[in-house]
Amino acid sequence: MITFPKPDVEQFLRTFSIADFAVSPDEKHLVFSTNLSGKYNLWGMDLPNSFPYPLTSIDQSCQGLIYDKKSRFIIAGFDQDGNENTQFYGVPLNGGTMKEIVNHENTRNFMPKLSNDSKKLYYTTSRGNPSFLNSYCLDLESGQERLVLEGKDAATYLFGFSPDEETLLYYKHFANTYTLLYAKKGNEDILLTPPTEKQHTVNDGVFVSDSMIYLLTDYDSDFTYLASYNLETNKFCKVKELENESFTAITYSKENQLLYLTSQKGVEDQLYEINLQNENWRNIPVPCSVINKLEVAASGTLYLFGMSATKPHNIYKNTGDEWVSLTKYTVPGVDSNELVEPDIITYPSFDGREIESLFFRAKKENDNGEVIFWPHGGPQAAERKFFRASFQFFLNNGYSIFAPNFRGSTGYGLEFMKMVEGDWGNGPRLDNVAGLDWLIDQGHAQKGNILLMGGSFGGYMALLLHGRHADYFKAVVDIFGPSNLFSFINSVPEDWKPVMDQWVGNPEKDKEKLIEYSPITYLESMIKPMLVIQGANDPRVVKEESDQIVQALKDKGRDVDYMLLENEGHGFSKKENEIAVYQKILSFLNRFTAVTEKV
């Protein structure tokens, strides 16, 4: 009998991912951005066949992906090695030489939208207005463009337009918890939620006629609900609200007069359909726990892109009550029974508030007794039942993982989400400390023997917890986390800067607080071995954030290792880098485990 070795990092991290997808209007073609070749490119499928073929070979991730309304070409946005300066190109349906559509050096471009006749491209850009953004309409035949929306007061994004293209839909982003949706008709700007001094958000909106808009908002509520706004009567109306559940995206099927809504409730998503003719409402079972994107074809066919804790990204098609997977992404060489589903647990925090968490427990035959504490990024995001190849890799190598949704996380209402604003280093930190205490009290870990790892805001929290609560840990991994809130505030993209006072704090008015909340304040206490990972092109948490804390710790003679990725931004877009990073992290963690003979 042949026996095979334990799956290694290559098998787990060779799991392919999908970043975005789109279906042609005639449903004969599907395009998706995937790292099937090891680097992100566009791949196509000639439906109903599901065998993919490459459309691009530029090895860059895609941001913004739409079809021409007559299924003749694709518009796609690409940045360069993670710098997030997205430019737009035309891509032939079967691949080949791309045509430059919008390309302005050192600008950020967002949300491409094609006119109904596909002769004009609408898009939002940092060009000429880097703080508040402008939106343009580009004539694809003449190359002439005109300004259609000038951003003022807050970053302003063109979102869509009415069927007759006479009315624009746009939103202003004052903060992650304060976004307003407007309709612009001629020189008139109409706010689509009733005036109020209380901050609220509008997540999404869609025209169902030239005068009727459906939108998702938490106006005068803690959770996001479905509402409507009639431009003829200027009437706002609440349509549908669910208890402790927030709608996150809305899609309209014009031909069938159906609205499709995705929602978030804690760590999982739901999908609903509402019939606008008879107001019938139904829940549609989905083949995944987290829905990344939904498209509805003119035929009524649903196309969904989603994942679960033990199922990687896949694209599904629904023509009735059955979902068919168009992609077949799995963990190569690893039986699904070897993957770990998380337990959903809650624990009381310092003020009695319940914190929901995911606890991935390594299988008994693999368990090495070690626990990784993982504060998530965002911070206004959440750890959910989505697939992380790195988690499954660590679990298979014996490490359990505890991931709390501390205050500030999404999925638990607007009030909970706002709790991190201006309070990065206090309430969320104490929620995480309470999670550490819960692990210890329940017998899952011993104080001083926990491994700490996080990325982005999670990297910031890992640094802060290390500096203020080092006695809980034996080693720390920081993946592109801010180390100094003053330099972080000063170095974020220009269109982020208007929100920083509310989100993080004002460097002058909140000076003492920002000193207290900056990890670099606590260098003396950072005594545990540390590994720091950073992308050189990261525009969100710039390289200097990691440089400064690594150098400061080295100057003090601390045990700190630094891995800099020259061709990455805020994440890992290239497989060889992702594999190298997690090989490095595993090797680092294995230094501190009782069982060191792991692969």
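Throughout, residue positions are numbered sequentially from 1 according to the sequence presented. Side chains included, hydrogens not; waters and symmetry mates left out as well; all remaining heavy atoms used.
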Do the side chains of Q392 and E338 get nearer than 4.5 Å, heavy atoms only? no
Mark yes or no for whether D81, through its side chain, and G569, through its backbone, hold a donor-acceptor pair below 3.5 Å. no
Taking atom NZ of K311 as the centre, report whether more than 12 heavy atoms of other residues, nucleotides or ligands fall under 6.0 Å from it. no
Under 3.5 Å donor-acceptor, N41 side chain and D59 backbone: yes
Under a 3.5 Å distance rule, please check whether Q11 uses its side chain to pair with a backbone N or O of G333 as donor and acceptor. yes
From CA spacing to verdict: ring pair (Phe, Tyr, Trp, His ring centres under 6.0 Å), Y303, F21: CA-CA 9 Å; Y303 294 86; F21 88 104; 7.1 Å; no
Between CD1 on residue I520 and CD on residue Q548, distance to nearest 0.5 Å: 4.0 Å
Exam field: side chain E568 to backbone K574, donor-acceptor pair closer than 3.5 Å: yes
Give, for atom CG of N292 and atom CE of M307, the distance between the pair rounded to the nearest 0.5 Å. 4.5 Å
Any side-chain donor near an acceptor of the partner, R429 and H469, under 3.5 Å: yes
Any ion pair linking D559 and R591 (charged N to carboxylate O, less than 4.0 Å)? yes
Say whether T593 and E370, considering side chains only, have a donor N or O and an acceptor N or O under 3.5 Å apart. no
Would you kindly say whether Y67 and E295 are connected by a side-chain donor-acceptor distance under 3.5 Å? no
Please check: side-chain N/O of T310 versus main-chain N/O of V340, any donor-acceptor pairing under 3.5 Å? no
Exam field: side chain T56 to backbone L42, donor-acceptor pair closer than 3.5 Å: yes
Charged N to carboxylate O below 4.0 Å: is that the case for R388 and E383? yes
Specify the closest pair of heavy atoms between S357 and N405, including all atoms of both residues, with the distance to one decimal. OG-N, 4.2 Å
Indicate yes or no for a side-chain donor-acceptor contact from N35 to the backbone of K575 under 3.5 Å, with no hydrogens or angles considered. no
Identify which one of Y347, F373, F359 satisfies the ring pair (Phe, Tyr, Trp, His ring centres under 6.0 Å) criterion when paired with H444. F359
Would you name the heavy atoms of P519 and S483 that are closest together and state the gap between them? CD-O, 3.2 Å
Nearest heavy-atom neighbours spanning H376 and A381: CE1-O, 3.3 Å
Between T224 (side chain only) and S246 (backbone N and O only), is there a donor and an acceptor less than 3.5 Å apart? no
Can you confirm whether the side chains of T86 and N109 place a donor and an acceptor under 3.5 Å from each other? no
Are the side chain of N83 and the backbone N or O of N85 linked by a donor-acceptor pair below 3.5 Å? yes
Decide yes or no for F488 and V504: does some side-chain heavy atom of the first lie under 4.5 Å from some side-chain heavy atom of the second? yes
Name the one of F391, F394, F402 that satisfies ring pair (Phe, Tyr, Trp, His ring centres under 6.0 Å) with W374? F391
Measure the shortest side-chain to side-chain distance between D204 and T248 over non-hydrogen atoms and say whether it is less than 4.5 angstrom. no
For N449 and V371: C-alpha separation, side-chain torsions, deciding distance, then whether side chain to side chain contact (heavy atoms under 4.5 Å, CB included) applies. CA-CA 8 Å; N449 201 43; V371 176; over 6 Å; no
To the nearest 0.5 Å, what is the distance between CG on N537 and CD on Q80? 8.5 Å
Please determine whether the number of non-hydrogen atoms from other residues, nucleotides or ligands lying under 6.0 Å from atom CD of E354 exceeds 12. yes
dist Q380:CD -> M417:CE (nearest 0.5 Å) comes out at 4.0 Å
Has the side chain of S33 got a donor or acceptor atom that lies under 3.5 Å from a matching backbone atom of S61? no
What class does the angle between the rings of F457 and F406 fall in, given that below 30° is parallel, 30 to 60° is tilted and above 60° is perpendicular? tilted
Is a salt bridge present between D431 and R353, judged by a nitrogen-to-oxygen distance below 4.0 Å? no
Would you mind reporting whether L395 and Y399 have side-chain heavy atoms less than 4.5 Å apart? no
Using the side-chain hydrogen bond (donor to acceptor under 3.5 Å, both in side chains) rule, pick out the option among H570, E545, E84 that qualifies with R540. E84
Atom NZ in K528, atom CG in D471: separation rounded to 0.5 Å? 7.0 Å
Spacing of Q264 atom CD and Y412 atom OH [to the nearest 0.5 Å]: 7.5 Å
Check the pair F305 / H313 against ring pair (Phe, Tyr, Trp, His ring centres under 6.0 Å), numbers first and verdict last. CA-CA 7 Å; F305 156 42; H313 299 92; 5.5 Å; yes
For Y329, the option from F387, F16, Y316 that meets ring pair (Phe, Tyr, Trp, His ring centres under 6.0 Å): F16
If the threshold is 4.0 Å, N to carboxylate O, is there a salt bridge linking R361 and D343? yes
Within the structure provided, determine whether Y517 and Y460 are in side-chain contact (heavy-atom separation under 4.5 Å). yes
Can you tell me if K28 has over 12 outside heavy atoms packed within less than 6.0 Å of its NZ? no
Where is the tightest heavy-atom contact between M526 and R558, given as atom of each residue plus distance? O-NH1, 2.8 Å
